[in-house]
Amino acid sequence: MSLADQALPSPAERAILRSMETPDNATETPEPTGIAAQDWAAASVEPQYRAAVVDLLGALAYGELAAFERLAEDAKLAPTLADKAELAKMASAEFHHFERLTDRLTTIEVDPTGAMEPFAKALDDFHRQTAPSDWLEGLVKAYVGDSIASDFYREVAVRLDSDTRSLVLAVLDDTGHGNFAVEKVRAAIEADPRVGGRLALWARRLMGEALSQAQRVVADRDALSTMLVGGVADGFDLAEVGRMFSRITEAHTKRMAALGLAA
């Protein structure tokens, strides 16, 4: 039994939590069917689907805002001016993503603040409990944590209506943090191999905290959890959920290897 299985007694909670366990999902996109073949105007007629999308956009928006704040804070730990400038550029990109999501919520007549509020505490708790102690821990946190979330949202995106899917995929575009983190972390490990062990333990801690917070969020949002396990978007059965988890886990392992760390 996996850690997620132990933490999530219900199939819905188990499905969502496990989906936060990976990144790097390069999979073939299936031909859209059901809601995924519709635009927002047609899909949003279903109240539960609309509620799920509002939750999804709210969670994404607050995540982007938190990412902006974190990158700006991490810039203070940067060892060089060039590194500080690079993080500032990434933070700016995250804030632009935040604005796109809140603009979309406003367009569909939803208050952005109200949509984000249900997810603020869980994300704030996660960031408080995983505050990096140095520059390298900050890079690993951004690379590992953001990548897990991004891969999860990409998996979900293929089941969304075409308009929402396009927006979600656009805001998940790489801000350049991935390559930057890999370069800096690998250089640090090369300079001092002992750093690798410490950062590997840190990455595993981040994974555990991410799973715990994901469980809390999803357990409280019925429409979102139902959509993620296939209750709204047809064709997304539990067997496919299992395959999704496998893709996410495999991608996470590859990403850790790219950093020069053991998963």
Side-chain angles (χ1 to χ4, degrees), residues 19-27 29 59-61 63-80 82-98 100-101 123 126-127 130-132 134-158 167-191 195-196 198-207 209-211 214 244 247-263:
S19 59
M20 301 300 288
E21 279 188 42
T22 348
D24 249 66
N25 302 323
T27 59
T29 303
L60 261 174
E64 294 291 346
L65 181 59
F68 161 74
E69 293 177 322
R70 187 188 66 239
L71 286 168
E73 193 67 24
D74 287 352
K76 297 176 183 178
L77 301 172
T80 70
D83 291 335
K84 189 185 295 287
E86 188 67 26
L87 285 192
K89 182 171 68 174
M90 294 174 194
S92 177
E94 298 289 8
F95 193 77
H96 178 60
H97 292 164
F98 164 75
R100 291 191 63 177
L101 289 161
L123 279 167
F126 171 73
H127 289 304
T130 58
D134 61 21
W135 161 250
L136 291 174
E137 286 189 1
L139 289 178
V140 171
K141 178 180 176 180
Y143 184 59
V144 172
D146 289 356
S147 297
I148 291 169
S150 292
D151 279 355
F152 169 66
Y153 286 125
R154 285 192 183 93
E155 291 279 359
V156 174
V158 300
L167 172 62
V168 169
L169 292 177
V171 301
L172 293 176
D173 278 349
D174 183 19
T175 61
H177 206 140
N179 290 336
F180 181 75
V182 168
E183 177 187 338
K184 297 297 181 180
V185 170
R186 290 190 73 93
I189 293 173
E190 201 170 309
V195 168
R198 174 172 67 86
L199 293 180
L201 289 174
W202 170 244
R204 286 195 282 275
R205 179 188 165 194
L206 291 172
M207 176 66 73
E209 293 289 349
L211 291 174
M244 178 184 75
R247 289 191 294 270
I248 290 178
T249 301
E250 181 181 355
H252 171 66
T253 300
K254 289 179 180 178
R255 208 167 261 130
M256 291 292 285
L259 283 171
L261 303 175

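Computed from heavy atoms alone, side chains included, the values below leave out hydrogens, waters and symmetry copies.
Without hydrogens or angle criteria, Arg100 side chain to Leu167 main chain gives no donor-acceptor distance under 3.5 Å. Between the side chain of Trp135 and the backbone N or O of Ala78 there is no donor-acceptor pair closer than 3.5 Å. Of the possible donor and acceptor atoms, one in the side chain of Lys141 sits under 3.5 Å from a partner among the backbone N and O of Thr130.
Note: Leu101 CG to Glu64 CD = 6.0 Å, rounded to the nearest 0.5 Å. Distance CZ/Arg70 to CG/Leu87: 10.0 Å, rounded to 0.5 Å. A distance of 6.5 Å separates CE of Met256 from CZ of Arg204, quoted to the nearest 0.5 Å. In this structure, CD on Glu183 lies 9.0 Å from CD on Glu86, to the nearest 0.5 angstrom.
For Gly138 against Pro132, the heavy-atom pair with the smallest separation is N-CB, 3.4 Å. Across every non-hydrogen atom of Tyr153 and Ala59, the tightest pair is OH-CB, 3.7 Å. Listed here is the closest heavy atom pair of Asp146 and Glu94: OD2-OE2, 4.4 Å. Contact between Ala157 and Leu169 at its shortest, heavy atoms only, is CB-CD2, 3.9 Å. For the residue pair Val171 and His97, the shortest heavy atom distance occurs at O-ND1, 3.0 Å. Nearest approach of Ala131 to Trp202, heavy atoms of both residues: O-CH2, 3.9 Å.
With respect to the salt-bridge test (charged N to carboxylate O, under 4.0 angstrom), the residues Asp74 and Lys84 do not qualify. A salt bridge links Glu73 with Lys76: at least one charged nitrogen is closer than 4.0 Å to a carboxylate oxygen. We find that Glu250 and Arg247 are not joined by a salt bridge, their nearest charged nitrogen and carboxylate oxygen being 4.0 Å or further apart.
Within the 4.5 Å cutoff, side-chain heavy atoms of Val168 are placed close to those of Leu60. Residues Met90 and Phe180 meet the side-chain proximity criterion, which asks for heavy atoms closer than 4.5 Å. In this structure the side chain of Leu77 never reaches within 4.5 angstrom of the side chain of Glu137, judged on heavy atoms. The closest side-chain heavy-atom distance from Leu261 to Ile189 is below 4.5 Å. Looking at heavy atoms from C-beta onward, Asp134 lies in side-chain contact with Arg198 at the 4.5 angstrom threshold. Side-chain contact between Phe68 and Ser92 is absent, with no heavy atoms from C-beta onward closer than 4.5 Å.
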Run the side-chain contact (heavy atoms from CB on, under 4.5 Å) check on Val140 and Leu206 step by step: do they pass? CA-CA 9 Å; Val140 171; Leu206 291 172; 4.3 Å; yes

Audit row: Val144, Leu259, side-chain contact (heavy atoms from CB on, under 4.5 Å) steps and yes/no: CA-CA 10 Å; Val144 172; Leu259 283 171; 4.2 Å; yes

